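Working notes, beginning with the structure itself.
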Amino acid sequence: EVVDLARERARLERELGRVEKEIRGLEAKLANRQFLERAPAEVVESQRQRHAEALRTRERLQQALARIA
């Protein structure tokens, strides 16, 4: 099966942009002292886990882009 590298690169870049936006939002939320003080501990922990997963996803996407560059 032939892969259109330009289309794949564009798809990966769109996904990377989406993940980076999510990371910025999560970092802003986790930097908000009021959120950390008022939110239940399990909510804060779930946001930290989402942030960690988003960082892993960003790394994977960056590696994929580097392979096809």
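Keep in mind that what you see is a predicted model, and the values were worked out from it rather than measured.
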Atom of [X], atom of [Y] and distance for their closest heavy-atom approach:
{"X": "Val44", "Y": "Leu30", "value": "O-CD2, 4.2 Å"}
{"X": "Ala69", "Y": "Arg9", "value": "CA-NH2, 3.9 Å"}
{"X": "Lys29", "Y": "Phe35", "value": "O-CD2, 3.3 Å"}

message: Can you tell whether the side chains of Glu8 and Arg11 come within less than 4.0 Å, N to carboxylate O?
response: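 Salt bridge flag = yes for Arg11 with Glu8.
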
field: Presence of salt bridge, Arg24 and Glu27, under 4.0 angstrom
entry: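 Not counted as a salt bridge, because no side-chain N and carboxylate O are separated by less than 4.0 Å.
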
His51 and Arg48: CA distance, side-chain angles, deciding distance, side-chain contact (heavy atoms from CB on, under 4.5 Å) verdict: CA-CA 5 Å; His51 181 254; Arg48 287 185 176 138; 5.5 Å; no

- prompt: Can you tell me if Gln49 and Glu53 form a side-chain donor-acceptor pair at under 3.5 Å?
  reply: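 No, no side-chain donor-acceptor contact under 3.5 Å.
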
query: Taking it one step at a time, do Glu15 and Arg18 satisfy salt bridge (Lys or Arg N to Asp or Glu O under 4.0 Å)?
result: CA-CA 5 Å; Glu15 182 69 13; Arg18 185 194 64 77; 2.6 Å; yes

Between atom [atom1] of [X] and atom [atom2] of [Y], what is the distance when rounded to the nearest 0.5 Å?
{"X": "Leu55", "Y": "Arg60", "atom1": "CG", "atom2": "CZ", "result": "13.0 Å"}
{"X": "Lys21", "Y": "Leu16", "atom1": "NZ", "atom2": "CG", "result": "14.0 Å"}
{"X": "Arg67", "Y": "Leu12", "atom1": "CZ", "atom2": "CG", "result": "9.0 Å"}
{"X": "Gln63", "Y": "Ile68", "atom1": "CD", "atom2": "CD1", "result": "13.0 Å"}

- request: Kindly say whether Val19 contributes a backbone atom to a donor-acceptor pair with the side chain of Arg58 at under 3.5 angstrom?
  value: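 Checking the backbone N and O of Val19 against the side chain of Arg58, no donor-acceptor pair under 3.5 Å is found.
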
